[in-house]
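Index from 1, following the sequence.
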Amino acid sequence: MTGRHARSAPFPFWVLLVLIALVGVGMMTASAMAGRDGGAAARGPGAGGAAPLGGTGPSGTTPEPTPSPSPTPSPEPKGTIVIHGTGDVSLDPSYLPVFVSQGYRWAWSGLGGVFRRDDLTVINHECPSTDIVAPIPKEFNFRCDPDALPSALAAGVDVGNLANNHGYDQGPRGLLDSIANLREAGIAPVGAGRNERAAERPAVFELKGWTVAVVGFGEVLDPLNQTAGPHKPGTATGHSLKLKLRAIRAADVLADIVVVAIHWGVELDTEPRDYQIREGHAMIDAGADVIFGHHSHRLQPMSMYHGRPIFWGLGNFVWPAFSVEGSTTAVAEVTVGPKGRFHGRLLPTRIVSDGHPVLSD
């Protein structure tokens, strides 16, 4: 039979199977190629790994830049910030019995709320805030009341430096407990820790577009074994300038502004010693921007070095009114403008009665 009604010759079944197999292999190959190309395009920068910077592709050619999926947010514009620092603060009711009758708000009630209006306040916290009673043998041994800390926070205190010759007065357990109590109260402890690295670690704050790091150092050692070690609790750095500069450089990597609180010098001095001046300049050169010094129990001048303020000695603050000289003190004030210019000044203050500094008009 011929024409459209004619029957075709039978189609071999094995040929059909071969054709089906070839079509399947082709589809799988095309799908795999599409998957590789499509996957690379889907990842791009920020999806499964960073795009190479100045690198080359598989053939040695510089790859075409891939647009970011969304613009990077602009950093917060920097504003003007105000930082305050003080000298020695004792919240020990056995040393200042006035707190028993007046309460701990008495310590801050003569300041007109100046610390509540600033951006950061750093004090030298001259005793461990702990209920642990384990006094080490020494002439003067202090223990601050942890219940005094909420009043300090309410007054605007943000940071307490424990690197001084009384932070270790109740031994290592008292020091570590003090660190925990300050943190629990909302005040950042600096200058002490469970080991050397922890003691050097800064407290870091984000303030109006600025990142500010605060570190604490203590050169006045009483007893001599109070300095933190690689596996030993204690206060930061001791006499080692090398450790101070290491901590400052590490903080400078994290922050725009580095504030140093340092317990140093000689009691009753009214001017810094030559070695303090050398160390202060070295710390500024290493990255410090503000230095708040204390220990001499006398107010010392402020100076500028490379545009950065150094307050050599801030005297007493919340302290007994022993003498006119010891009661003459100041609040250190540092203003940093949006362009990074530093202005420092001393706000005259007098301890008019035990534990009661009053800011002058």
Side-chain angles (χ1 to χ4, degrees), residues 85-90 92 122-130 136 138-144 159-172 174-179 182 187-203 213-230 232-248 250-251 258-267 269 272-273 275-276 278-280 282-283 286 288 290-297 300 310-317 319 332:
T86 79
D88 299 347
V89 171
S90 175
D92 183 342
V122 182
I123 66 169
N124 179 52
H125 191 55
E126 188 84 0
C127 52
S129 288
T130 180
I136 59 174
K138 56 184 297 191
E139 184 178 1
F140 297 103
N141 198 297
F142 298 148
R143 184 172 63 87
C144 286
V159 182
N161 173 59
L162 291 170
N164 51 60
N165 56 310
H166 290 290
Y168 200 80
D169 277 6
Q170 302 300 320
L175 179 70
L176 294 178
D177 190 53
S178 181
I179 292 170
L182 281 163
I187 298 173
V190 296
R194 56 186 172 80
N195 55 40
E196 184 177 273
R197 288 290 188 174
E200 295 173 11
R201 191 170 297 137
V214 184
V215 292
F217 306 138
E219 291 187 357
V220 185
L221 305 177
D222 185 9
L224 293 176
N225 65 353
Q226 75 175 56
T227 308
K232 172 183 173 296
T235 59
T237 72
H239 295 294
S240 174
L241 180 60
K242 179 181 178 180
L243 294 183
K244 292 178 182 64
L245 301 185
R246 179 180 77 178
I248 288 169
V258 177
V259 178
V260 172
I262 180 167
H263 211 61
W264 60 355
V266 179
E267 287 196 16
D269 276 2
R273 302 274 174 126
Y275 82 88
Q276 291 175 265
R278 289 193 298 271
E279 287 187 7
M283 288 189 285
V290 179
I291 297 176
F292 294 138
H294 24 75
H295 172 62
S296 68
H297 299 291
Q300 297 183 1
I310 304 175
F311 300 88
W312 298 104
L314 289 169
N316 301 320
F317 197 65
W319 208 255

Trainee: Quick one: does Trp264's side chain have a donor or acceptor within less than 3.5 Å of a partner on Trp312's backbone?
Mentor: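 Yes; judged by distance alone, with no hydrogens or angles, the pair exists.
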Trainee: Can you list the steps and then say if Asn165 with Glu126 is a side-chain contact (heavy atoms from CB on, under 4.5 Å)?
Mentor: CA-CA 8 Å; Asn165 56 310; Glu126 188 84 0; 3.3 Å; yes
Trainee: So which atom in Gly216 and which in Ala236 form the shortest heavy-atom distance, rounded to 0.1 Å?
Mentor: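 Minimum heavy-atom contact is O-CB, 3.3 Å.
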Trainee: Locate the shortest heavy-atom distance separating Leu314 from Gly87; write the atom from each residue and the value.
Mentor: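 Heavy atoms only, the tightest pair is CB-N, 3.6 Å.
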Trainee: Assess the residue pair Ile262 and Ile291 against the criterion (side-chain contact (heavy atoms from CB on, under 4.5 Å)); give the C-alpha distance rounded to whole Å, side-chain angles, the decisive distance to 0.1 Å, and a yes or no.
Mentor: CA-CA 7 Å; Ile262 180 167; Ile291 297 176; 3.8 Å; yes
Trainee: Restricting to non-hydrogen atoms, name the atom on Leu241 and the atom on Glu279 that form the minimum distance, rounded to 0.1 Å.
Mentor: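 Closest pair (atom of Leu241, atom of Glu279, distance): CD1-CG, 4.2 Å.
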Trainee: Test side-chain contact (heavy atoms from CB on, under 4.5 Å) on Thr227 and Leu221 and set out the steps.
Mentor: CA-CA 8 Å; Thr227 308; Leu221 305 177; 3.6 Å; yes
Trainee: Ignoring hydrogens and angles, tell me if any N or O in the side chain of Thr237 forms a donor-acceptor pair with the backbone of Ser240 under 3.5 Å.
Mentor: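 Not at all, since once roles are kept as given, no pair shorter than 3.5 Å links the two residues.
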Trainee: Restricting to non-hydrogen atoms, name the atom on Ala251 and the atom on Val215 that form the minimum distance, rounded to 0.1 Å.
Mentor: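 Here Ala251 and Val215 meet closest at CB-CG1, 4.2 Å.
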Trainee: Side chains of His263 and Asn161: do they bring a donor and an acceptor to under 3.5 Å?
Mentor: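 Asn161 and His263 do not have a side-chain donor-acceptor pair below 3.5 Å.
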Trainee: Please confirm whether the backbone N or O of Thr130 pairs with a side-chain atom of Arg143, one donor and one acceptor, at under 3.5 Å?
Mentor: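 Here the side-chain-to-backbone pair exists.
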Trainee: Is the ring pair Trp319/His297 parallel, tilted or perpendicular, if the boundaries are 30 and 60 degrees?
Mentor: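 Geometry flag for His297 against Trp319: tilted rings.
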Trainee: Where is the tightest heavy-atom contact between Gly191 and Ala163, given as atom of each residue plus distance?
Mentor: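 Of all heavy-atom pairs spanning Gly191 and Ala163, the closest is O-CB, 3.3 Å.
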Trainee: For the atom pair CG (Asn164) and NE2 (His125), what is the distance rounded to the nearest 0.5 Å?
Mentor: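 These two atoms lie 8.5 Å from each other.
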Trainee: Does Lys138 come within less than 4.0 Å of Asp169, counting only side-chain N to carboxylate O?
Mentor: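 Looking at Asp169 together with Lys138, the answer is yes, because their closest N to O distance falls below 4.0 Å.
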Trainee: Do Lys244 and Glu219 meet the salt-bridge criterion of a basic N to acidic O distance under 4.0 Å?
Mentor: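 Salt bridge flag = yes for Lys244 with Glu219.
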Trainee: Within the distance-only criterion (no hydrogens, no angle test), does the side chain of Glu200 pair as donor or acceptor with the backbone N or O of Arg197 below 3.5 angstrom?
Mentor: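 Such a contact is absent between Glu200 side chain and Arg197 backbone.
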Trainee: side-chain contact (heavy atoms from CB on, under 4.5 Å) for Phe217 and Ile248? Distances and angles first, verdict last.
Mentor: CA-CA 10 Å; Phe217 306 138; Ile248 288 169; 3.9 Å; yes
Trainee: Measure up the Phe292 and Phe311 rings against each other and bin them: parallel (under 30°), tilted (30 to 60°), perpendicular (over 60°).
Mentor: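 Because their plane-to-plane angle lies in the 30° to 60° range, the rings of Phe292 and Phe311 count as tilted.
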Trainee: Is the shortest side-chain N to carboxylate O distance from Glu196 to Arg246 below 4.0 Å?
Mentor: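 So Glu196 pairs with Arg246 through a salt bridge.
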Trainee: Is it true that a side-chain atom of Ser296 and a backbone atom of Glu267 form a donor plus acceptor pair closer than 3.5 Å?
Mentor: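 It does not hold such a pair.
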Trainee: Only one of Val260, Val290, Val259 passes side-chain contact (heavy atoms from CB on, under 4.5 Å) with Val214; say which it is.
Mentor: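 For Val214, the side-chain contact (heavy atoms from CB on, under 4.5 Å) test succeeds with only one of Val260, Val290, Val259, which is Val259.
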Trainee: I'd like to know whether Gln226 forms a side-chain hydrogen bond (donor to acceptor under 3.5 Å, both in side chains) with Thr235, so could you lay out the CA-CA distance, the side-chain angles of the two residues, the decisive distance to 0.1 Å, and finally the verdict.
Mentor: CA-CA 6 Å; Gln226 75 175 56; Thr235 59; 3.0 Å; yes
Trainee: Only counting residues at least two apart or in another chain, list the ones meeting salt bridge (charged side-chain N to carboxylate O under 4.0 Å, His left out) with Asp92.
Mentor: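 Scan of Asp92 (salt bridge (charged side-chain N to carboxylate O under 4.0 Å, His left out), adjacent residues dropped) gives none.
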